[in-house]
Protein chains: 2
Amino acid sequence: MAEHECVQLVPIFSELGSEQLDTIESIVRHHHYPAGSTLFGADDPLDSLMIVANGQVKVYQLAANGREQLLYLLQTGDIDGEAALFENQRRTSFGEALVPTDVCSIRRSDFQDLMQKYPSISINVLNVFGKRLSQLERQITSTATESVEARLANYITETAAALKTDTFKLPLKKKDLATFLGTTPESISRKLALFERQGLITQKPGKVIEINNADQLLLTE
Amino acid sequence: MAEHECVQLVPIFSELGSEQLDTIESIVRHHHYPAGSTLFGADDPLDSLMIVANGQVKVYQLAANGREQLLYLLQTGDIDGEAALFENQRRTSFGEALVPTDVCSIRRSDFQDLMQKYPSISINVLNVFGKRLSQLERQITSTATESVEARLANYITETAAALKTDTFKLPLKKKDLATFLGTTPESISRKLALFERQGLITQKPGKVIEINNADQLLLTE
DNA sequence: ATCAGAACTTGACGGCCGTCAAGAAATTCA
DNA sequence: TGAATTTCTTGACGGCCGTCAAGTTCTGAT
């Protein structure tokens, strides 16, 4: 493993030079989680910024009634932890490794020092947070005002657009997709079957979906 | 009006000295909106950070189906505009003055310069964004997994806790409260009537509510 | 390849809550 | 203060979708 492999691939450090990356590397802690294990659960530190060095992490939040809400699907290079940035912030979410995953963490106080020293970091984090805010705002509006059918149709078209292909594999199990969209696995199954009957999509084995009529799909209410 | 009245009361500039505030004041643009008018609508600039200098602003987002979602209720000193921070970011929300309102705006490029010059600003904005992220995450989880009844009960207890009183006036019309909670004015009326029948609250004229049993209210599912 | 367990699908049912409508209450403005 | 307009309340109804259950397909480990 190269010296600062972890911090090198993180966009928020992209403006920094090699010797600065060395500094950061020296205060970073490394962790490895096998697939299926829980990150920053109840027993993990609540005061660190997490960087996904390699792998995929699902971030959930627990509702008062015990249900889970999938908030983010973090990829390599993504960060998590608004909790890292201010005190008195209880962590209300937990992560789960989707595949074997490497994570780096930086303690809050260390990260605050870094931001003071290298302003480009905080501006980069600001960009990340800003985009995430926009995403969450759209998600709230969508969950609160649109039908399950419309939300699923939207998700399919957005995923296809992001992957730039009409045929793709759903990156999540139906149960996770359901908690992400605020519905149930059963409803997802039913709506996908409906879309197929309407000729909008074709379902293939292995959670693969082919979009036949993206325009019509977007009109779903 | 004092020289930098506007920038003075904004927490994100709190670490700056008087001469620095002067600098900022010189690049700020001032606006006034009468109650009921629309801020940063289709014809307004999309590339500025907005600071509420005086008044209250409701920030809405428009869903694909034409419905409105109330995202924030901004108070004096609050800021809005993740749109200010990066390019290619379409504004998807609009504001409406609840009362006669004064607003200052700073263009994106000017604000980016400021953050480069004074790192404390970006760290402060980061804190604002971080708290807002946490709030939105909780709101998503709540909207997606809990009943209207539970969401309303939560809203009432949280508002009471924030105001540190058991008797308070709802700061929003039922229609706005409804779009905020992802429901309808009718459902709000019905659920409040239900809470009153259960002895949990008492409704008084003028949208005033008295909480009689906060513990039981929190147990609402 | 085989088998056990997980994930998925489909049906039936019911309840929450959104919609429409009409009357009551509250607020605004002259 | 009084009238006009907006907001709110309550009832009736229906549909979306969540829940439970049982059968089927998929997946992954031995």
Side-chain angles (χ1 to χ4, degrees), chain A residues 34-36 58 63 65-70 96 98-100 141-153 155 169-198 201-209 220-221, chain B residues 34-36 58 63 65-70 96 98-100 141-153 155 169-198 201-209 220-221:
Chain A
K58 293 181 289 185
N65 53 21
R67 290 225 212 154
E68 290 174 357
Q69 170 74 33
L70 178 59
E96 186 187 326
L98 202 58
V99 296
T141 303
S142 167
T143 306
T145 69
E146 294 178 337
S147 68
V148 168
E149 204 172 320
R151 275 177 271 158
L152 179 59
Y155 174 82
K169 177 189 167 102
L170 291 173
L172 292 168
K173 291 177 184 157
K174 292 231 163 55
K175 177 172 158 289
D176 286 323
L177 190 51
T179 85
F180 183 68
L181 296 177
T183 179
T184 61
E186 292 95 325
S187 288
I188 305 255
S189 270
R190 274 187 256 270
K191 292 306 181 185
L192 285 179
L194 172 65
F195 290 158
E196 187 156 34
R197 258 179 279 132
Q198 293 174 334
I201 67 168
T202 308
Q203 294 190 74
K204 300 178 177 177
K207 285 202 274 286
V208 171
I209 285 183
T220 301
E221 289 227 345
Chain B
K58 294 181 290 187
N65 54 21
R67 290 225 212 151
E68 291 173 359
Q69 171 73 32
L70 178 59
E96 186 188 326
L98 202 58
V99 294
T141 303
S142 167
T143 306
T145 70
E146 294 178 336
S147 67
V148 168
E149 205 170 319
R151 275 177 271 158
L152 179 59
Y155 174 83
K169 177 190 167 100
L170 291 173
L172 292 168
K173 291 178 183 158
K174 293 229 164 55
K175 177 171 158 288
D176 286 323
L177 189 51
T179 86
F180 183 68
L181 295 176
T183 179
T184 60
E186 293 95 325
S187 288
I188 305 253
S189 271
R190 273 187 257 269
K191 292 306 179 186
L192 285 179
L194 172 65
F195 291 158
E196 187 156 35
R197 257 179 279 134
Q198 293 173 333
I201 66 168
T202 309
Q203 294 190 73
K204 300 178 178 178
K207 285 202 276 284
V208 171
I209 284 183
T220 302
E221 290 228 344

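Quick note: numbers below take in every heavy atom, side chains included, and nothing from hydrogens, waters or symmetry partners. Each chain gets a letter, A, B and so on, in the order the sequences are listed, and its residues count up from 1.
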Ignoring hydrogens and geometry, is there a side-chain-to-backbone donor-acceptor pair from B:Gln69 to B:Thr179 under 3.5 Å?
yes
Taking the side chain from A:Asp176 and the backbone from A:Leu70, do they hold a donor-acceptor pair closer than 3.5 Å?
no
A:Lys169 NZ - C:dA7 C1' separation (whole Å)
12 Å
Hey, does A:Lys207 have a side-chain heavy atom less than 4.5 Å from the side chain of A:Lys173?
yes
One pair to check against side-chain contact (heavy atoms from CB on, under 4.5 Å): A:Ile209 and A:Lys204. What are the steps and the verdict?
CA-CA 6 Å; A:Ile209 285 183; A:Lys204 300 178 177 177; over 6 Å; no
With a 3.5 Å distance limit and no angle check, can you tell me whether B:Gln203 reaches the backbone of B:Glu196 through a side-chain donor-acceptor pair?
no
With no hydrogens and no angle check, is any side-chain donor or acceptor of B:Asn65 less than 3.5 Å from a backbone partner on A:Glu221?
no
Could you encode protein contacts along nucleotides 7-19 of chain D as a string, one character per nucleotide from 5' to 3', using B for base contact, S for sugar-phosphate-only contact and - for no contact, with a heavy-atom cut-off of under 4.0 Å?
SSSBBB----SSB
Considering non-hydrogen atoms only, spot the tightest contact between B:Gly182 and A:Ala144 and give its length.
CA-CB, 3.8 Å
Side-chain donor-acceptor contacts of residues 185-195 of chain B below 3.5 Å, not counting sequence neighbours, with atom names and distances?
| from | atom 1 | to | atom 2 | distance (Å) |
| --- | --- | --- | --- | --- |
| B:Ser187 | OG | B:Thr184 | OG1 | 3.2 |
| B:Lys191 | NZ | B:Glu149 | OE1 | 3.2 |

I need the NZ-C1' distance between B:Lys204 and C:dA26, as an integer number of Å.
18 Å
Compute the bend angle of the helix from C:dA1-D:dT30 to C:dA30-D:dT1 from the end axes (five pairs per end), rounded to 10°.
60°
